[in-house]
2 protein chains.
Amino acid sequence: METIAIGELSRRTRCNIETIRYYERIGLLPMPARRGRYRSFGLADVARVHFVRRARELGFTLDEIRALLGIATAEDMACGDAREIAASHLQQVRARITDLRRMERVLADTVRACDAGDQVGCPLITTLSATAQLGTI
Amino acid sequence: METIAIGELSRRTRCNIETIRYYERIGLLPMPARRGRYRSFGLADVARVHFVRRARELGFTLDEIRALLGIATAEDMACGDAREIAASHLQQVRARITDLRRMERVLADTVRACDAGDQVGCPLITTLSATAQLGTI
DNA sequence: CTACCGTCTGTAGGAACTACAGACTCAACC
DNA sequence: GGTTGAGTCTGTAGTTCCTACAGACGGTAG
């Protein structure tokens, strides 16, 4: 079977070499075989790194990914558990979007005020100096 | 004029004591006067910490806030510069929202597939194992 | 006098990488 | 055979924005 070096794994997965070694260090990837001093990877490693990177793109934390990997490779794949992780993560993503939309509104209003230029003083500085808490806006 | 201790400053600004000291350490807050060994703050410090916290709530980085503080306290307040910082930050916020919405869509679809339960295997694991990059979805 | 709270300094940790330094290995080329 | 160059190795330190101690000191109330 084909074995590849870390550089090739990095190229195929678009994952930084240092990041791959980091994933190994924290136990997300199994310790690979060695050819001499060099790490020697197989196709399963390519798939696993792809999996991790895709999950990261979806914003899963490394701890969540660790759990997902456990589920993915378990004999009796606990799909319900995976659903739970995804659903809880989805909630967090939605909360974050709500946050960011609030920020966006305030920022956009402020920049608009800047462009209108009919205020005394700088609208942004005024916003940041205002007594009102953002939470109450 | 009134002077307050760090605990009172923390209470008034809802900013952690340790965080206040941290802001001082990195130069976001001026080194305060001391009464004996204890820091002694004035109303300007209250306003400044409020400013920083509000800017953080809007997602500005501490470096951006440093610049904004410079502008806010300059003689000839460079409002245009502040507008630039805000506009550029607004762009980043919007980009982040776009990212998160993509994540949300994939996650929501996957959880829905889980609930439908008409797939072979776990939809989440399948999604993460798929060859397609998220960027291409 | 002794509790007790507040404050002090300095350092370490967390998340998820990234970026070196300095040493080694391996294949190719002359 | 020598040497270049690319790849890899380990180990450590930096990034951002805090947060959490440990261990010592200050000021006040009972």
Side-chain angles (χ1 to χ4, degrees), chain A residues 3-29 31-41 45 48-69 85 88-89 92-93 96 99-100 103, chain B residues 3-29 31-42 45 48-69 85 89 92-93 96 99-100 103:
Chain A
T3 76
I4 58 178
I6 197 168
E8 178 63 17
L9 177 58
S10 169
R11 239 163 283 128
R12 288 198 197 176
T13 58
R14 279 166 215 78
C15 178
N16 207 320
I17 287 183
E18 322 263 19
T19 305
I20 293 171
R21 282 198 281 252
Y22 170 71
Y23 287 163
E24 177 191 330
R25 205 159 57 242
I26 64 172
L28 265 195
L29 301 179
M31 291 189 49
R34 300 266 174 159
R35 278 218 252 184
R37 300 162 52 90
Y38 290 10
R39 289 170 181 80
S40 166
F41 297 95
D45 297 304
R48 201 170 168 101
V49 174
H50 267 311
F51 185 101
V52 173
R53 289 275 88 198
R54 257 175 240 124
R56 287 293 299 134
E57 286 182 52
L58 284 176
F60 287 101
T61 68
L62 292 183
D63 268 353
E64 288 167 333
I65 295 171
R66 203 188 303 275
L68 291 174
L69 279 168
I85 295 173
S88 140
H89 182 56
Q92 293 172 41
V93 168
R96 187 86 187 105
D99 274 2
L100 285 171
M103 293 186 200
Chain B
T3 75
I4 57 178
I6 197 168
E8 179 63 18
L9 177 57
S10 168
R11 239 164 283 127
R12 289 199 198 176
T13 57
R14 279 167 215 79
C15 179
N16 207 321
I17 288 183
E18 322 262 19
T19 304
I20 292 170
R21 283 199 280 251
Y22 169 70
Y23 287 163
E24 178 191 330
R25 205 159 56 242
I26 63 170
L28 265 195
L29 301 178
M31 290 190 50
R34 300 265 174 160
R35 277 220 252 185
R37 301 163 50 88
Y38 290 11
R39 288 169 181 79
S40 166
F41 297 96
D45 297 304
R48 202 169 167 100
V49 174
H50 267 312
F51 185 101
V52 173
R53 289 275 87 200
R54 256 176 240 124
R56 287 292 298 133
E57 286 182 51
L58 284 176
F60 287 101
T61 68
L62 294 181
D63 268 352
E64 286 168 334
I65 294 171
R66 202 188 304 275
L68 291 174
L69 280 168
I85 294 173
H89 181 56
Q92 292 172 43
V93 168
R96 187 87 186 106
D99 274 3
L100 285 171
M103 292 185 202

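Reminder, nothing fancy here: chain letters follow the sequence lines and each chain counts from 1. Computed from a prediction, not measured in an experiment: that's the story for all the values here.
A side-chain contact (heavy atoms from CB on, under 4.5 Å) with B:Tyr22 is found for exactly one of B:Glu18, B:Arg25, B:Glu24, namely B:Arg25.
Computed from coordinates, the B:Arg11 CZ to C:dC5 C1' distance equals 11 Å when rounded to whole Å. Between B:Glu18 atom CD and C:dG6 atom P there is a gap of 14 Å when expressed in whole angstrom units. Atom C1' of nucleotide C:dC8 and atom CZ of B:Arg35 are separated by 16 Å, given to the nearest angstrom. Whole-Å rounding puts the A:Arg34 CZ to C:dC26 P distance at 13 Å. The separation between A:Tyr22 atom OH and C:dT18 atom P is 10 Å, rounded to whole Å. Taking atom CZ on B:Arg25 and atom C1' on C:dT11, their separation rounds to 9 Å, with Å as the unit. The nearest whole Å value for the distance from the CD atom in A:Glu64 to the C1' atom in C:dA15 is 12 Å.
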Name the pairs: protein N/O against N/O of nucleotides 2-4 of chain C, kept only if under 3.5 Å.
none

**OP:** Can you run through DNA chain D from 5' to 3' and write each base as (, ), [, ], | or . depending on how it pairs? Watson-Crick or G-U wobble, both distances under 3.5 Å.
**Re:** ||||||||||||||||||||||||||||||
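The heavy-atom pair separating B:Pro32 from B:Ser40 by the smallest distance is CB-O, 3.9 Å. Here the closest heavy-atom approach between residue B:Arg53 and residue B:Thr19 is recorded as NH2-CG2, 4.5 Å. Between A:Ile6 and A:Arg21, the shortest heavy-atom distance links the atoms CD1-CG, 3.6 Å. Closest approach of B:Arg56 and B:Tyr23 over heavy atoms only: CG-OH, 4.0 Å. Taking all atoms of both residues into account, the shortest heavy-atom contact from A:Ile85 to A:Ala67 is CD1-CB, 3.8 Å.
For A:Tyr38, taking side-chain heavy atoms from C-beta onward, the closest of the listed nucleotides C:dT25, C:dT7, C:dA16 is C:dT25. With C:dT25, C:dA16, C:dC8 as the choices, the nucleotide that has an atom nearest any side-chain atom of A:Leu62 turns out to be C:dA16.
Annotation: A:Arg35, atom CZ; neighbour count of heavy atoms from other residues, nucleotides and ligands within 6.0 Å does not exceed 12.
Using a distance-only test at 3.5 Å, with no hydrogens or angles considered, no donor-acceptor pair links the side chain of B:His89 to the main chain of B:Glu64. Judged purely by atom type and a 3.5 angstrom limit, B:Ser10 uses its side chain to pair as donor or acceptor with the backbone of B:Cys15.
Ion pairing of A:Arg12 with A:Glu8 is present here, as a side-chain N (NZ or NE/NH1/NH2) and a carboxylate O approach within less than 4.0 Å. A salt bridge between A:Asp45 and A:Arg48 is absent, with no side-chain N of the basic residue lying under 4.0 Å from a carboxylate O of the acidic one.
Contact annotation for A:Asn16: backbone-only contact, meaning every heavy-atom pair under 4.0 Å involves sugar-phosphate atoms and none involves a base. Note on B:Ile26: nothing from the nucleic acid sits closer than 4.0 angstrom, heavy atoms only. Using a 4.0 Å heavy-atom criterion, one finds that A:Phe60 contacts no nucleic acid atom at all. Across all strands shown, B:Arg21 has heavy atoms under 4.0 Å from base atoms, whether or not it also approaches the sugar-phosphate. Using a 4.0 Å heavy-atom cutoff across all strands shown, A:Gly7 reaches sugar-phosphate atoms only and no base atom.
Between A:Arg56 and B:Phe41, it is B:Phe41 whose nearest contact on DNA chain C lies nearer the 5' terminus. Each of B:Glu8 and A:Arg37 lies near DNA chain C, and the nucleotide nearest B:Glu8 is the one positioned closer to the 5' end.
Close to C:dC8, at under 4.0 Å from its OP1 or OP2, lies a side-chain N or O of B:Arg39. For the pair A:Thr19 and C:dT18, the criterion of a side-chain N or O lying under 4.0 Å from OP1 or OP2 is met.
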Original post:
When you look at A:Val49 and A:Phe41, which way does the side chain to side chain contact (heavy atoms under 4.5 Å, CB included) test go after all the steps?
Top reply: CA-CA 11 Å; A:Val49 174; A:Phe41 297 95; over 6 Å; no
**OP:** Determine, step by step, whether B:Asp99 and B:Arg96 satisfy the side chain to side chain contact (heavy atoms under 4.5 Å, CB included) criterion, reporting the C-alpha distance in whole Å, the side-chain angles of both residues, the deciding distance to 0.1 Å, and the verdict.
**Re:** CA-CA 5 Å; B:Asp99 274 3; B:Arg96 187 87 186 106; 4.0 Å; yes
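Reading DNA chain D from its 5' end, the first and the last nucleotide to sit under 4.0 Å from a heavy atom of chain A are D:dG7 to D:dT10.
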